[in-house]
Number of protein chains: 2
Amino acid sequence: MKNLNSEQDFLALIDTYFPSINGHVTLGRGDDCSILRTNEELCISKDLFLEDVHFRRSYFSPADIGYKSLAVNISDIAAMGGVPKGFALGLIVPPELDESYWDSLLKEMAELANRHGLILAGGDLCKGASLGISVTVWGEPFQNPKQNSGSKGKFLTRGNAKPGDILFIHGSLGLARTGMLMLEKDEPSECKTYPASVQAHLRPQIRIETGNALSTFPSVTGLMDLSDGLARDLPRFINCCETAFGAEISLSEALLHSEVIRFAETNGILPEEHAFQGGEDYALFGAASADGFDELMNTVKGIVPIGVLTDRPEILLNGKKYSEKGFDHFSG
Amino acid sequence: MKNLNSEQDFLALIDTYFPSINGHVTLGRGDDCSILRTNEELCISKDLFLEDVHFRRSYFSPADIGYKSLAVNISDIAAMGGVPKGFALGLIVPPELDESYWDSLLKEMAELANRHGLILAGGDLCKGASLGISVTVWGEPFQNPKQNSGSKGKFLTRGNAKPGDILFIHGSLGLARTGMLMLEKDEPSECKTYPASVQAHLRPQIRIETGNALSTFPSVTGLMDLSDGLARDLPRFINCCETAFGAEISLSEALLHSEVIRFAETNGILPEEHAFQGGEDYALFGAASADGFDELMNTVKGIVPIGVLTDRPEILLNGKKYSEKGFDHFSG
């Protein structure tokens with residue numbers, strides 16, 4: 001249980017788990033900058049992951065923190081249809097965490113990075129009062145290795161969906177929020193009765209393969225990941241379109257996880273509205289032209305239609321107008 | 001003096017000062033990722049800038065914080081000889097800072113960014129107990145616009161310097177540390193007698209043009225920026241070389257700023273050793289082959305030779321062996 005007494009100790013621990021160079025990063029950690037070999041386009045994103053803002057150490061293991069801090073960033077690359085290539089890491093290190101804590105955290109982060117061929121290309125360490133992880137991640141457009149140059153994917157942005165387009169999801173709605181609400185109650189025995197929800201909050205799935213597959217379909221007109229819940233993210237998706245569009249969303253209990261339904265019923269709320277509120281599901285949410293949607297569904301497993309984009313600037317959930325806002329990490 | 005009550009207010013303030021797209025960033029802020037148009041190579045760096053670790057709000061104005069948080073990152077691009085192209089920004093926002101504070105901070109950051117043609121390509125906001133700024137910055141190799149393709153610069157890394165190479169600096173040594181030590185004394189009247197030192201700590205100069213010029217000289221064998229002081233950074237520069245080299249450094253009072261000499265004498269330390277310790281000067285430090293060094297000095301204004309790389313693994317300062325370490329932001 002020894003402590004990491006210097007920056008050198010810490011960097012040596014990082015070197016244990018993270019390779020320094022590969023075909024993409026030609027100069028690795030330790031210089032003023034890393035050097036990337038790039039093609040025509042790169043997509044890039046940056047997310048902070050801070051103790052008591054985005055996670056609590058009371059119920060996130062160090063491995064969970066290592067996983068989720070990188071996963072939520074990789075999810076932004078999935079939401080572009082891209083292939084993650086590398087990341088830079090800033091760590092804010094509180095004094096009380098020992099080497100075994102960091103070993104678990106970094107090991108799990110490295111496993112996730114290596115699984116996706118993602119290389120750690122530099123970063124920064126400093127002390128602070130509470131644990132914080134700052135990740136910048138980047139990726140390239142997908143190129144189907146099985147096909148010729150015509151099958152190169154395009155980055156999937158938010159501005160191109162049109163009225164009549166089918167809205168779809170890939171992943172659960174409301175499951176991670178259910179898990180977060182259970183974990184915040186701090187009653188471990190109750191959490192045990194919501195295992196999938198807790199898992200969804202601690203270890204969100206990332207959907208690179210799905211994003212990559214979608215990026216090769218010209219009929220897909222937009223994609224994002226649901227980090228703040230459909231209630232908050234849907235207006236963002238729609239407002240990126242040229243005019244103020246709206247949406248008709250249909251959620252039935254058949255679409256929802258049984259734990260989401262049970263939680264909602266126990267707490268006297270409608271399961272569909274709880275799922276719509278959601279938050280931190282990191283499901284993919286997108287739009288595609290109705291023409292050819294059956295082919296899309298047959299090709300990309302797990303795609304579920306949940307509604308349609310309309311030319312009226314209002315959002316209907318199961319026929320009811322919806323104006324309530326999902327949670328905002330920033331306000332309140 | 002109104003407060004920023006929502007993420008939307010904050011993003012709108014950012015949009016006031018930072019353009020969203022240019023020739024390099026083809027998809028700006030507001031999507032899951034930004035999209036960059038890239039060439040063959042990119043260099044990338046990431047630094048945290050945290051309250052009470054890297055700066056204090058008691059003596060850094062919001063404009064100083066906006067400047068320095070980005071400047072120390074741009075300095076890493078200068079140290080590669082690169083041209084800064086874009087950056088991503090993570091802000092940790094304490095509740096007590098009002099809109100006028102952020103307005104000053106972001107305005108100054110934007111002025112620095114715009115002066116260097118640097119575009120803000122996305123980021124993240126969240127609340128926290130103390131102010132924190134996380135910047136990821138990237139750049140491209142320099143291409144001399146006045147000359148043909150043969151004059152393209154190369155990224156200047158640390159691994160190639162050889163015994164016999166001249167070691168040189170561009171910028172002051174010890175001035176920023178003098179300023180920091182004066183500011184930490186919290187005696188405003190004394191600070192007034194060290195104006196250049198205080199300025200060097202609050203507003204370090206960045207040296208993009210110098211780095212760019214150096215990047216076109218084949219005789220330059222390495223470059224870095226001095227963030228932790230020559231005493232700590234010199235061993236890093238040398239250890240990057242294939243074998244354990246050493247250095248003979250000569251610093252005379254003629255090389256030092258009068259405030260550095262005055263501070264050292266007032267505090268009973270040798271001015272050269274105070275300058276050698278340094279810290280946060282963000283001077284450029286590099287190596288070049290002795291052959292052609294005069295031409296280098298005549299072409300790149302402000303280059304000052306301060307020693308030579310040797311094949312003995314020891315560091316001599318004015319003939320005395322130096323083993324003491326400079327300060328470490330991480331330890332202690």
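These numbers were taken from a predicted model, which means no experiment stands behind them. To find a chain, count down the sequence lines: A is the first, B the second, and so on, and within it residues start at 1.
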Considering all heavy atoms, the nearest [X]-[Y] contact:
| X | Y | value |
| --- | --- | --- |
| B:E41 | A:I35 | OE2-CG2, 3.7 Å |
| B:L91 | A:L48 | O-CD1, 3.7 Å |
| B:M80 | A:D31 | SD-OD1, 3.9 Å |
| B:D32 | A:M224 | OD2-CA, 3.2 Å |

Taking salt bridge (charged side-chain N to carboxylate O under 4.0 Å, His left out) as the test, write out the residues that go with B:D165, two or more places apart.
-> none

Counterpart residues, salt bridge (charged side-chain N to carboxylate O under 4.0 Å, His left out), relative to A:E96 (two or more places apart) | A:R57

[X] portion near chain B, given a 4.5 angstrom heavy-atom threshold:
| X | value |
| --- | --- |
| A:N39 | backbone |
| A:L50 | side chain |
| A:I77 | both |
| A:L27 | side chain |

Quick one: which of [options] has the most heavy-atom pairs under 4.5 Å with chain B, could you say?
| options | result |
| --- | --- |
| A:G122, A:S75, A:A79 | A:A79 |
| A:G128, A:G86, A:G90, A:A121 | A:G90 |
| A:V137, A:T26, A:L156, A:T136 | A:T136 |
| A:L223, A:V25, A:L89 | A:L89 |

Gap separating the [atom1] atom of [X] from the [atom2] atom of [Y], nearest 0.5 angstrom:
| X | Y | atom1 | atom2 | value |
| --- | --- | --- | --- | --- |
| A:L42 | B:H24 | CG | NE2 | 8.5 Å |
| B:S134 | A:I133 | OG | CD1 | 12.0 Å |
| A:W138 | B:I44 | CH2 | CD1 | 4.0 Å |

Could I get the full list of ring pair (Phe, Tyr, Trp, His ring centres under 6.0 Å) partners for B:Y101, not counting sequence neighbours?
-> none

Do A:K46 and B:D124 meet the salt-bridge criterion of a basic N to acidic O distance under 4.0 Å?
-> no

Closest-packed option against chain A by number of heavy-atom pairs under 4.5 Å, given B:C43, B:S45, B:C33, B:A88 = B:C33

For chain A, which residues from residues 204-212 of chain B have at least one heavy atom closer than 4.5 Å to it?
-> none

Decide yes or no for A:I92 and B:V53: does some side-chain heavy atom of the first lie under 4.5 Å from some side-chain heavy atom of the second?
-> no

